[in-house]
Amino acid sequence: MTVSRLQSPENAISAYLNAGVFWLILATLAALLYFQEGTNALLVAWQLPEYSHGPLIPVLSLLLFLRQLKEVPIDLAPVKDRGAGIILMVFAIIFGALGKLSQIDDIVAYALILWVGALLLISWGWQQGKQFWPPVVHLVYMLPLPGIIYYKVSAYLQMVSSELGVWLLQVMSIPVFLEGNIIDLGVYKLHVAEACSGLRYLFPIMSFSYIFAVLFKGTVWHKAILLLAAVPITIVMNSVRIAFAGWLVNYAGLEYLEGFTHFFEGWVIFMICVVLLFILAWAMLRFSGSKSTLANALDLDTSGWGKQAARVRLIDPSRALILSAVILGTFAAAWELRPQAEIGRVDREPFAVFPSRLAEWQGGIPEVLDTAVEVSLGADDYFSSQFTHPEETGPVGLFVAWYYDQTKGGIHSPEICLPGAGWEIARLERVDIAPELDLDAPFNLNRAVIQKGETRMMVYYWFDQHGRRTAWDFAAKMYLLWDGLTLGRTDGALVRLTTPIMRDETEAEAEARLQELFLEATNVMPRFVPGL
């Protein structure tokens with residue numbers, strides 16, 4: 001029996017109160033179960049300084065939704081345009097399944113955002129539901145960036161912040177020299193690490209600027225400026241922060257950067273960024289000729305939110321809502337009851353037994369990385385050693401980092417790490433080296449020449465995953481997704497060989513030395529980096 005929505009609100013609420021709310025709650029619980037890998041990934045990411053603002057995002061999005069709901073009048077007519085919501089719901093379920101099968105939890109978290117949008121479209125229909133896009137889009141700010149994008153953004157911000165910070169120090173007549181991300185003050189050296197890239201308050205500032213732009217009553221281009229201004233404001237102020245650290249170290253010593261002082265200056269810069277956004281909004285009002293004050297230009301009215309929240313009682317127990325709850329619940333149960341198998345562990349030999357001699361090449365004592373470097377690397381096993389040959393003038397360094405599960409951070413490309421250590425990439429090309437060395441199968445790798453001052457190095461590096469050698473880090477991530485789906489494996493390694501280019505030799509002579517050890521190393525590598 002169908003109850004018409006054209007009757008009075010009281011009757012509609014009475015008719016639909018239990019059923020509509022019941023299925024809405026059931027659909028939400030089923031979604032939390034189905035997308036639980038995504039929520040777990042969020043909980044882990046929110047423990048990092050860069051994403052510590054994450055728990056606030058759903059709360060703020062809910063408040064934005066209630067604000068948007070005030071602008072949507074109550075319509076008791078039957079909802080007939082749920083098609084877009086159904087399509088988006090199907091896509092969210094498939095996208096979530098893709099993340100679950102490939103064991104990449106971040107994909108499941110992204111699918112969760114799609115589900116929220118689908119639920120709104122199913123509940124309110126397309127004509128009304130499409131107006132709620134601002135709070136749904138805002139949920140994106142609670143998601144961690146994909147690892148490969150995170151490290152590239154972090155490296156870029158480190159570089160820009162370092163250069164601007166050094167320029168500010170030079171303006172203050174402080175002798176300083178920049179080598180990669182290392183600020184050399186003579187007596188002291190400061191390393192602009194990932195923690196100083198500005199990401200830990202860039203993300204919350206971007207979230208704040210988004211809400212600020214939504215609440216601002218100015219024109220669309222005013223809103224766009226406020227939204228986009230968060231990035232340059234944060235970069236500039238982070239450079240000021242780095243310059244202040246350099247000034248403090250130069251005049252007071254390194255000990256003043258420890259503990260509370262370092263934490264305090266970070267939060268001071270964060271608040272200054274917020275103040276600058278307010279100043280920018282005020283300036284736009286003044287120069288646009290508006291007579292509104294900044295307080296009047298922001299929609300800060302919170303009245304009636306409780307009444308809007310009560311409108312959830314008007315949601316129909318539609319077939320689309322019921323089916324979404326049933327399907328998600330069924331899929332979640334089926335996933336939990338599936339036969340469990342150990343994932344991410346493969347048979348391999350540890351690098352502790354890696355040969356100390358490869359043909360005529362004699363390896364040195366394996367190097368142990370600094371604790372901070374090991375933590376940043378995040379590898380489950382690694383090998384690092386210098387190999388020498390009695391007939392060769394220079395050594396060849398072999399470094400291999402191996403991961404059981406690359407979805408939990410994974411490999412950092414040397415294109416990110418080398419510039420941070422002060423190396424300049426003079427030349428980089430992605431090649432299939434198989435034709436040059438008469439190999440039976442394609443072997444894609446990166447061939448680079450790097451330099452630091454007068455020191456030059458020839459480098460080979462590639463991403464080794466299940467017998468596939470990939471030169472491009474983005475392609476490696478796509479293969480990781482595919483192998484997670486088809487093989488149930490997300491392990492892999494980064495392999496890097498380096499050799500110095502001596503003053504009295506050509507690049508070709510140095511590369512010949514590199515290729516000789518390359519051939520010997522790749523012969524034994526499958527024992528430690530398993531193929532299919």
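Owing to the predicted nature of the structure, the values given are computational and were not obtained by experimental measurement.
Atoms CD1 and CD, from Ile450 and Glu424 in turn, are 10.5 Å apart once rounded to the nearest 0.5 Å. Taken from CG in Asn446 to CD1 in Ile433, the straight-line distance is 11.0 Å, to the nearest 0.5 Å. Going from atom CE of Met237 over to atom CD1 of Ile272 covers 4.0 Å, rounded to the nearest 0.5 Å. Interatomic distance, Ile233 CD1 to Leu228 CG, rounded to the nearest 0.5 Å: 11.0 Å. Atom CG of Leu226 and atom CZ of Phe208 lie 10.0 Å apart (nearest 0.5 Å). Note that CG of Leu98 is 9.5 Å distant from CD1 of Ile94, once rounded to the nearest 0.5 Å.
Between Val459 and Arg496 there is a side-chain heavy-atom pair separated by less than 4.5 Å. Counting only heavy atoms from C-beta outward, the side chains of Gln386 and Leu398 never approach each other to under 4.5 Å. Residues Ile501 and Val449 meet the side-chain proximity criterion, which asks for heavy atoms closer than 4.5 Å. In this structure the side chain of Leu42 never reaches within 4.5 angstrom of the side chain of Tyr51, judged on heavy atoms. Using a 4.5 Å heavy-atom cutoff, the side chains of Arg241 and Phe244 are not in contact. Residues Pro366 and Phe383 are in side-chain contact: their nearest non-hydrogen atoms beyond the backbone lie under 4.5 Å apart. Contact check for Leu369 versus Leu377: side-chain heavy atoms found under the 4.5 Å cut-off. With contacts defined as side-chain heavy-atom distances shorter than 4.5 Å, the pair Leu437/Leu519 qualifies.
In this structure a side-chain-to-backbone donor-acceptor pair under 3.5 Å is present from Trp46 to Met142. Between the Gln68 side chain and the Pro135 main chain, no donor and acceptor come within less than 3.5 Å of each other. In this structure a side-chain-to-backbone donor-acceptor pair under 3.5 Å is present from Asp432 to Phe443. A side-chain donor-acceptor contact under 3.5 Å links Tyr34 to the backbone of Ile93. Checked by atom type and distance alone, the side chain of Ser61 never pairs as donor or acceptor with a backbone atom of Pro58 at under 3.5 Å. A donor-acceptor contact shorter than 3.5 Å is absent between the side chain of Asp491 and the backbone of Tyr403. Proximity of a side-chain donor or acceptor of Lys223 to a complementary backbone N or O of Val214 within less than 3.5 Å is detected. Side-chain atoms of Asn40 come within 3.5 Å of backbone N or O of Gln36 as a donor-acceptor pair. Between the side chain of Ser161 and the backbone N or O of Gln158 there is no donor-acceptor pair closer than 3.5 Å.
Here the shortest heavy-atom pairing between Ile225 and Leu280 reads CG2-CD2, 4.0 Å. Of all heavy-atom pairs spanning Thr234 and Ala230, the tightest one is OG1-O, 2.6 Å. The two residues Gly364 and Ser385 make their nearest non-hydrogen contact at O-OG, 3.1 Å. Here the closest non-hydrogen pair linking Phe35 and Ala111 is CE2-CB, 3.7 Å. In plain terms, the two heavy atoms of Pro530 and Trp402 that are nearest each other are CD-NE1, 3.9 Å. Of all heavy-atom pairs between Thr490 and Ser102, the closest is CG2-O, 3.6 Å.
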Hey, mind stepping through Asp405 and Gln103 against side chain to side chain contact (heavy atoms under 4.5 Å, CB included) and telling me if it holds?
CA-CA 9 Å; Asp405 184 5; Gln103 307 163 52; 5.5 Å; no
Test side chain to side chain contact (heavy atoms under 4.5 Å, CB included) applied to Leu139 and Leu112, step by step:
CA-CA 10 Å; Leu139 290 173; Leu112 181 60; over 6 Å; no
Kindly determine whether Val368 and Glu374 satisfy side chain to side chain contact (heavy atoms under 4.5 Å, CB included), including the steps that lead there.
CA-CA 9 Å; Val368 178; Glu374 281 192 357; 4.1 Å; yes
Would Leu157 and Ile235 count as a side chain to side chain contact (heavy atoms under 4.5 Å, CB included) here? Give the steps.
CA-CA 7 Å; Leu157 291 179; Ile235 291 175; 3.5 Å; yes
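No more than 12 heavy atoms of other residues, nucleotides or ligands sit less than 6.0 Å from atom OH of Tyr156. Around CZ of Arg430, the count of heavy atoms belonging to other residues, nucleotides or ligands within 6.0 Å exceeds 12.
Taking the six-membered ring where the residue is Trp, Phe203 and His53 present tilted rings, their angle falling between 30° and 60°. Ring geometry for Tyr461 against Phe463 counts as perpendicular: the plane angle is over 60°, on a 0 to 90° scale with 30° as the lower cut.
The aromatic ring centres of Phe351 and Tyr382 sit 6.0 Å or more apart. In this structure, the ring of Tyr210 has its center less than 6.0 angstrom from the ring center of Tyr141. Phe518 has its ring centre less than 6.0 Å from the ring centre of Trp462.
Side chain to side chain, Thr470 and Asn444 fail the donor-acceptor criterion of an N or O pair below 3.5 Å. Side chains of Ser207 and His138: a donor on one and an acceptor on the other come within 3.5 Å.
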Throw together a table of side-chain donor-acceptor distances under 3.5 angstrom for residues 507-515, partners on residues two or more places apart or in other chains.
from   : atom 1 : to     : atom 2 : distance (Å)
Glu507 : OE1    : Arg427 : NH1    : 3.3
Glu507 : OE1    : Arg427 : NH2    : 2.6
Glu507 : OE2    : Arg456 : NH2    : 2.5
Glu509 : OE1    : Thr506 : N      : 2.9
Glu511 : OE2    : Arg447 : NH1    : 2.6
Glu511 : OE2    : Tyr460 : OH     : 2.4
Glu511 : OE2    : Gln515 : NE2    : 3.4
Arg513 : NE     : Gly394 : O      : 3.4
Arg513 : NE     : Thr499 : OG1    : 2.9
Arg513 : NH1    : Glu505 : OE1    : 3.2
Arg513 : NH2    : Thr499 : OG1    : 3.2
Arg513 : NH2    : Pro500 : O      : 2.7
Arg513 : NH2    : Glu505 : OE2    : 2.8
Gln515 : NE2    : Tyr460 : OH     : 3.0

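Listed by first and then second residue, the salt bridge (Lys or Arg N to Asp or Glu O under 4.0 Å) pairs involving residues 36-46 are Glu37-Lys100 (not counting sequence neighbours). Pairs engaging residues 164-177 under the side chain to side chain donor-acceptor pair (under 3.5 Å) rule: none recorded [sequence neighbours left out].
For Asp464 and Arg469, the salt-bridge test passes: some basic side-chain N is under 4.0 Å from an acidic carboxylate O. Using a 4.0 Å cut-off between a side-chain N of Lys or Arg and a carboxylate O of Asp or Glu, Asp381 and Arg348 qualify as a salt bridge.
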